[in-house]
Amino acid sequence: MAISCLILGSGPAGYTAAIYAGRAGLNPVVYEGLQPGGQLTITTEIENFPGFPEGIDANELMDGMRKQAERFGAEIRTATAVKADLSKAPYKVWFDDGTEAECQTLIIATGAKAKYLGLDDEVKYQGMGVSACATCDGFFYRKKTVAVVGGGDTACEEATYLASLAQKVYLIVRKPFLRASKAMQERVMQNPKIEVLFETNTVGLYGEGGVEGAHVVYRKGEADEKAYDLPIDGFFLAIGHKPSSDLFKEWVKTDELGYIQTEGDSPRTGIPGVYAAGDVADPHYRQAICAAASGCKAAMEAEKYLQSL
Ligand code: NDP
């Protein structure tokens, strides 16, 4: 028998959808995916999720959401979707453990992944000085020195935001120019706390028990190549995000970066009973609270759709 509400993803969007769908009696089934708990679980403390005046550990927050979803009857399964057929209801999804599921409604809450440079040290210092979210972790670097990698709008925005907290921000840019919009470039260039290091690549990080600096190379491969160590307390990646939407591109509309495009500010994808919630459909805000809100909307839409059948 088809699952009435299948939810892919276990970040704030997926779990919030499961809480609402569970309370509405839809017996939701949640597939956790590759990163149970979602992107938040790679940060440490969350200080901007309302209701926790002292902040809350990210894993504790996600664990709470999971238990809340289970309390209302959500079944949580551990597998990752590898293929989908959304050509007609009931919709079909195949998983990496060889199983498949049919569903009447589908909530795609598969999130997005921040891109990393691919250095072993980024893994080693994850949550110990390495972050891909200035809004989430910038607060911990008040009056400290940080570096932001990237030359696009996100990097400029994050560098500007961090400069409001930190005492010094290095913007590490691999090209001799910024790719960001003119306005963002000007904001960065005019900020006395931001120093742009053009034509510079990061090749490693160092530090005892946390980031204390980055090994960088200026004009790698050129005659005037120069390798040096840059003392920093925090290393922020801002080289783009990749929404986890590949499986669904054949069926739903996505923008040029792969974010699922929904109808207006609703989570409706245009396919009856199929919704997208959270970062997979949000190129702009990418915040847990926004993801949770869209998960709520998706579950309410699913409930309304099922009632109309
Ligand atoms: P972009 O793809 O625009 O920029 C990515 C940046 O990271 C580029 O400078 C790129 O360098 C650099 N980069 C990529 N890979 C590496 C690497 N391996 N090593 C070093 N540097 C690397 O991504 P954004 O997230 O900045 O922006 C995504 C979209 O969102 C854009 O369209 C942007 O305009 C938009 N946006 C708009 C905002 C606003 O309007 N307020 C705010 C934030 C984003 P290179 O240039 O050499 O390729």
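Ligands are counted one by one from 1 in listed order, and the atoms in each one are counted from 1 as well. If you read the sequence from its start, that first residue is 1, and numbering goes on from there.
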May I ask you to check whether over 12 heavy atoms, not counting those of Y91, lie within 6.0 Å of atom OH? yes
Nearest heavy atom to atom 24 (P) of ligand 1 wins, so pick from D255, L119, V173, T154. T154
Please report whether atom 17 (C) of ligand 1 has a protein non-hydrogen atom at a separation of less than 4.0 Å. yes
If I apply the N/O under 3.5 Å rule, does E157 come out as touching ligand 1? yes
Please work out which of the three classes, parallel, tilted or perpendicular, describes the rings of Y141 and F236, given edges at 30° and 60°. perpendicular
Please check if the side chain of D121 supplies one atom and the backbone of K124 the other of a donor-acceptor pair under 3.5 Å. no
Six-ring centre of Y15, R66 cation under 6.0 angstrom, axis tolerance 45°: no
Would you say G152 and ligand 1 have an N/O pair spaced under 3.5 Å apart? yes
Using distance alone, determine whether G151 and ligand 1 share an N or O pair under 3.5 Å. yes
Do me a favour and list the nearest non-hydrogen protein atom to atom 33 (C) of ligand 1 with residue, atom name and distance? D153 OD2, 3.4 Å
List the closest protein heavy-atom neighbour of atom 29 (C) of ligand 1: residue, atom name, distance to the nearest 0.1 Å. L257 CD1, 3.8 Å
Atom 2 (O) of ligand 1 has as its nearest protein heavy atom R179 NH1, 3.6 Å
Would you find more than 12 non-hydrogen atoms of other residues, nucleotides or ligands less than 6.0 Å from R71 atom CZ? no
State whether Y170 and K168 meet the cation-pi test: NZ (Lys) or CZ (Arg) under 6.0 Å from the six-membered ring centroid, and within 45° of the perpendicular axis. yes
Answer yes if the ring centres of Y305 and Y275 are under 6.0 angstrom apart, and no otherwise. no
Below 4.0 Å, non-hydrogen atoms only: which portion of L117 touches ligand 1? Side chain, backbone, both or neither. side chain
With a 4.0 Å cut-off, strictly under, does atom 40 (O) of ligand 1 pick up any protein heavy atom? no
If hydrogens are left out, which of K115, R174, E256, E158 has an atom nearest to atom 15 (N) of ligand 1, that is, the closest non-hydrogen atom? R174
Would you say OH of Y206 has more than 12 non-hydrogen atoms from neighbouring residues, nucleotides or ligands within 6.0 angstrom? yes
Any nitrogen or oxygen of K175, main chain or side chain, under 3.5 Å from a nitrogen or oxygen of ligand 1? yes
Take atom 36 (N) of ligand 1 and look for protein heavy atoms under 4.0 Å from it; say yes if you find one, no if not. yes
Atoms in ligand 1 with a heavy atom of G240 nearer than 4.0 Å: 25 (O)
Nearest protein heavy-atom contact for atom 12 (C) of ligand 1: which residue, which atom, what distance? I239 CG2, 4.0 Å
Would you check the N or O atoms of N201, main chain and side chain alike, for any that come under 3.5 Å of an N or O of ligand 1? no
If hydrophobic clusters are built by linking Ile, Leu, Val, Met, Phe, Trp and Tyr wherever their side-chain heavy atoms come under 4.5 Å apart, do L237 and L205 end up in the same one? yes
Looking only at atom types and distance, does a side-chain atom of K193 sit under 3.5 Å from a main-chain N or O of A166, one as donor and one as acceptor? yes
